[in-house]
Amino acid sequence: MADTTRLIIDTDPGQDDAAAILMAHGLAKRGLIDFMALTAVAGNVGIDLTARNARIICDWANEKEFPVYAGADKPLLRRLVTAEEVHGSSGLDGVELHDPQCPLKSGHAVTYLIDTLRAAEDNSIVLCPIGPLTNIAQVLNLAPDCVRAIKRIVLMGGNYFEAGNITPAAEFNFYCDPHAAQIVLQSGAPITILPLDVTHKAIITTPRMDVLRRLDNVNGPRLAGILQSYERYDIQKFGTEGGPLHDPCAVACAVFPELFKGRECHVAVETQGELTMGACVVDWWGTTGKTPNALWITEVDADKLFEQIAESIAVLP
Ligand code: BDR
Ligand code: CA
């Protein structure tokens, strides 16, 4: 397992987060990653629900001892904005929820991340944040030495060529905690960003959903049910044949980077503008001369992405 990607997901489940987490459990079962832990953050819903939902999803994967830590209950400086209108009041609409058996680990997510990164070899751990970046920014603020151990941060957030989804200018994760996003971008860690520019090319069409629904297990049809409920909102909003499946793009890009294309750019996040809070300024043509700080992804082989998602869900109970 020497070359297996060691991966931690920071998340605010969230229906598409659930797809990403289930995919990661499947990738671990397939021997493609060493899935170390989940750290929860407030975002789509409050921290009590995101931490609970993360544990429920681990139960679904039959990972009832999986390490789940609760982290920040609000953004660094702004009040918490949630997205119940998309994900439902539980954060996981579209499926029956139970009291999780998977216990919540004691200790704060940020402490876990700092301790784990400090104990790790250089360049050895991939962080995969798929919610607001509050926990990750706190780690980098409190313990900048942790950058040494981060192989790459592969995150879902931001937008540039695609319009915003929470305001006309901004994507939800970056809007929710723009200051955290800016701290992460300035940290010096190697960063890959999966913005709306690419996730809007990863559409859950009916045939793709049917592949999941027809899987001979519990998790395939269950995930299809969750995604069906999730995309109802987006289909209405965007008028497309299906909704974008945001968060699994980050997990997939961490493991199968060959399915994605982008450009090394300098990326900054607006933290002051009233109309543009959380918007990304991506120096696509290098006009500022600033050194690139992120790989900004714009293209995906969506058929192969959905094949990998289905193959990963297929190995779950
Ligand atoms: C992001 O916002 C959340 O609602 C989704 O879970 C995803 O992480 C997309 O903008
Ligand atoms: Ca999310």
Side-chain angles (χ1 to χ4, degrees), residues 8-24 38-47 49-54 56-57 68 71-72 75 80-94 109 127-136 153-178 180-181 184 192-204 223 226-227 229-234 237-238 240 242-254 269 277-280 297 300 309:
I8 299 171
I9 295 183
D10 187 73
T11 177
D12 62 337
Q15 293 156 314
D16 60 328
D17 300 73
I21 294 166
L22 288 174
M23 182 186 191
L38 283 170
T39 53
V41 65
N44 287 319
V45 284
I47 187 68
L49 290 181
T50 60
R52 180 205 64 167
N53 292 349
I56 290 175
I57 297 161
V68 178
L80 179 64
V81 176
T82 52
E84 279 93 356
E85 73 285 8
V86 183
H87 301 266
S89 58
S90 70
L92 281 181
D93 260 21
L127 298 180
C128 199
I130 54 176
L133 286 157
T134 321
N135 286 339
I136 309 300
I153 299 175
V154 186
L155 69 90
M156 191 280 133
N159 66 301
Y160 187 62
F161 295 107
E162 183 68 47
N165 61 359
I166 180 80
T167 71
E171 179 279 333
F172 177 79
N173 291 337
F174 276 29
Y175 177 80
C176 191
D177 199 339
V184 171
T192 300
I193 301 180
L194 287 292
L196 298 182
D197 304 356
V198 66
T199 65
H200 277 239
K201 295 172 182 168
I203 300 294
I204 338 159
L223 182 57
I226 294 171
L227 296 180
S229 147
Y230 178 53
E231 70 167 11
R232 217 171 290 148
Y233 176 86
D234 280 340
K237 179 168 169 185
F238 301 120
T240 47
L245 192 54
H246 307 287
D247 291 343
C249 288
V251 173
C253 189
V269 180
M277 183 66 75
C280 292
I297 302 288
V300 59
I309 293 172

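Remember, it's 1-based here, ligands and their atoms both numbered in the order they're listed.
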Give yes or no for whether the N/O distance cutoff of 3.5 Å, strictly under, is met between A83 and ligand 1.
-> no
Provide, to 0.1 Å, the distance between atom 3 (C) of ligand 1 and the closest protein heavy atom, together with that atom's residue and name.
-> N44 OD1, 3.2 Å
If we ignore angles and hydrogens, is there a donor and acceptor under 3.5 Å between the side chains of D12 and T50?
-> no
Is it true that N173 lies under 4.0 Å from ligand 1, counting heavy atoms only?
-> yes
Is Q15 in contact with ligand 1, taking contact as a heavy-atom separation below 4.0 Å?
-> no
For E171, counting its heavy atoms only, list the atoms of ligand 1 lying under 4.0 Å from any of them.
-> 1 (C), 2 (O), 9 (C), 10 (O)
Any N/O/S atom, backbone or side chain, of D16 lying under 3.0 Å from the Ca ion (ligand 2)?
-> no
So, do N173 and M156 sit near enough that their side-chain heavy atoms are less than 4.5 Å apart?
-> yes
Nearest non-hydrogen protein atom to atom 8 (O) of ligand 1, with distance, is D247 OD1, 2.6 Å
Any side-chain donor paired with an acceptor under 3.5 Å for D16 and H246?
-> no
Working to the nearest 0.5 Å, report the span between CD1 of I57 and OG1 of T11.
-> 6.5 Å
Among all protein non-hydrogen atoms, which one is nearest to atom 6 (O) of ligand 1, and what is the separation to 0.1 Å?
-> D16 OD1, 2.6 Å
When you look for heavy atoms under 4.0 Å from ligand 1, do you find them on the side chain of T199, its backbone, both, or neither?
-> neither
In ligand 1, the atoms that come under 4.0 Å of a heavy atom of N165 are 9 (C), 10 (O)
Rounded to the nearest 0.5 angstrom, the CD1-CE distance for I309 and M23 is 5.0 Å
Walk me through it: do T167 and F172 pass the test side chain to side chain contact (heavy atoms under 4.5 Å, CB included)?
-> CA-CA 8 Å; T167 71; F172 177 79; over 6 Å; no
If we only count N/O pairs under 3.5 Å, is H246 in contact with ligand 1?
-> no
Measuring from the Ca ion (ligand 2), name the closest N, O or S atom belonging to D12.
-> OD1
Do the side-chain N and O atoms of N159 and D197 include a donor-acceptor pair separated by under 3.5 angstrom?
-> no
Does I130 put an N, O or S atom under 3.0 Å from the Ca ion (ligand 2)?
-> yes
Output the list of atoms in ligand 1 that are nearer than 4.0 Å to some heavy atom of F172, sorted by atom number.
-> 2 (O), 3 (C), 4 (O), 10 (O)
In D247, the N, O or S atom nearest to the Ca ion (ligand 2) is which?
-> OD2
Counting only N and O atoms by type, is there a donor-acceptor contact under 3.5 Å from the side chain of N44 to the main-chain atoms of G91?
-> no
For the pair N135 (side chain) and A40 (backbone), establish whether a donor and an acceptor sit closer than 3.5 Å, ignoring hydrogens and angles.
-> yes
Would you please say whether a donor-acceptor pair under 3.5 Å links the side chains of S229 and D93?
-> no
